[in-house]
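Only one structure is covered here, and it is reproduced in the block below.
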Amino acid sequence: YVHLSIYRHRQMCIRDRLNWLLEQSNIYKRVITLSKQTVSNKKAMKVLTTAEQDQLKKTIFEIYHDYISFLQKKYSKLTESDLLYLCLQETSLDSQSIAICFGYSDTHPLSQKKYRIKERTVSYTHLRAHETGRNLVCRLLLEKKKKKKEKNSYKKKKKKRKEIKK
């Protein structure tokens, strides 16, 4: 138990240092500036340009290289966009700020992105929560495992009903 808490503390310290490095970058400061916009119409909201998105991706991939390598080993089907999203989830950015990073003025496309990530990671149910911090993947895997059990339970009940009718 003590070893596990030391491990978690070390992981949190590493994540804090990585987040600090990101916060020093100009592209992060640009995201923060854009996230402070107050507009009455979401369509009028400014988001990162394609060039800025490329810069953000490059910065994130440099800073979070080890984390990305870990995710790629565990989940080979994840795309660069998925990896970028999962790294941004590790930061202190809120959903609206993450949406701005992807060029969205609304957070709805992020829900679709989460769903696609869930589909790509579904076969890796052995992942433990302490291995990835507050990573979204863990939560999605646990939800998928729960839904699968519920679905199997329903199928078994249906099969029993058919056997009883015979």
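Numbers here simply count residues along the sequence, with the first being 1. Quick note: numbers below take in every heavy atom, side chains included, and nothing from hydrogens, waters or symmetry partners.
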Quick check: closest heavy atoms across [X] and [Y], and the distance to 0.1 Å?
| X | Y | answer |
| --- | --- | --- |
| C101 | L93 | SG-CD1, 4.2 Å |
| Q53 | G103 | NE2-CA, 3.5 Å |
| A99 | D106 | CB-O, 3.4 Å |
| I63 | L21 | CD1-C, 3.9 Å |

Under the side-chain hydrogen bond (donor to acceptor under 3.5 Å, both in side chains) criterion, do D66 and S69 qualify, and how do the steps go? CA-CA 5 Å; D66 291 341; S69 295; 5.3 Å; no
Separation between [atom1] of [X] and [atom2] of [Y], rounded to the nearest 0.5 Å:
| X | Y | atom1 | atom2 | result |
| --- | --- | --- | --- | --- |
| F102 | L88 | CZ | CG | 5.5 Å |
| Y28 | T59 | OH | OG1 | 13.0 Å |
| S105 | Q96 | OG | CD | 7.5 Å |
| E90 | Y64 | CD | OH | 7.5 Å |
| S95 | K114 | OG | NZ | 5.5 Å |
| Q55 | L48 | CD | CG | 9.5 Å |

Are any side-chain N or O atoms of D82 and backbone N or O atoms of T79, one a donor and one an acceptor, separated by less than 3.5 Å?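 The answer is yes, because a donor-acceptor pair under 3.5 Å joins these two groups.
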Side-chain donor/acceptor of Q24 to backbone N/O of W20, under 3.5 Å: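 Side chain of Q24 to backbone of W20: a pair is present.
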Do [X] and [Y] touch side chain to side chain, with heavy atoms closer than 4.5 Å?
| X | Y | result |
| --- | --- | --- |
| L84 | F61 | yes |
| L83 | I60 | no |
| I100 | M45 | yes |
| I117 | Y75 | no |
| L86 | L78 | yes |
| S92 | E23 | yes |

Extract all donor-acceptor atom pairs below 3.5 Å that involve side chains of residues 29-36 and protein atoms in other chains or at least two apart in sequence.
residue: R30; atom: NE; partner: E52; partner atom: OE2; Å: 2.8
residue: T33; atom: OG1; partner: K29; partner atom: O; Å: 2.9
residue: S35; atom: OG; partner: V31; partner atom: O; Å: 3.3
residue: S35; atom: OG; partner: I32; partner atom: O; Å: 2.8

Give the intermediate values and the outcome of side-chain hydrogen bond (donor to acceptor under 3.5 Å, both in side chains) for residues Y85 and Q89. CA-CA 6 Å; Y85 176 77; Q89 281 288 111; 3.3 Å; yes
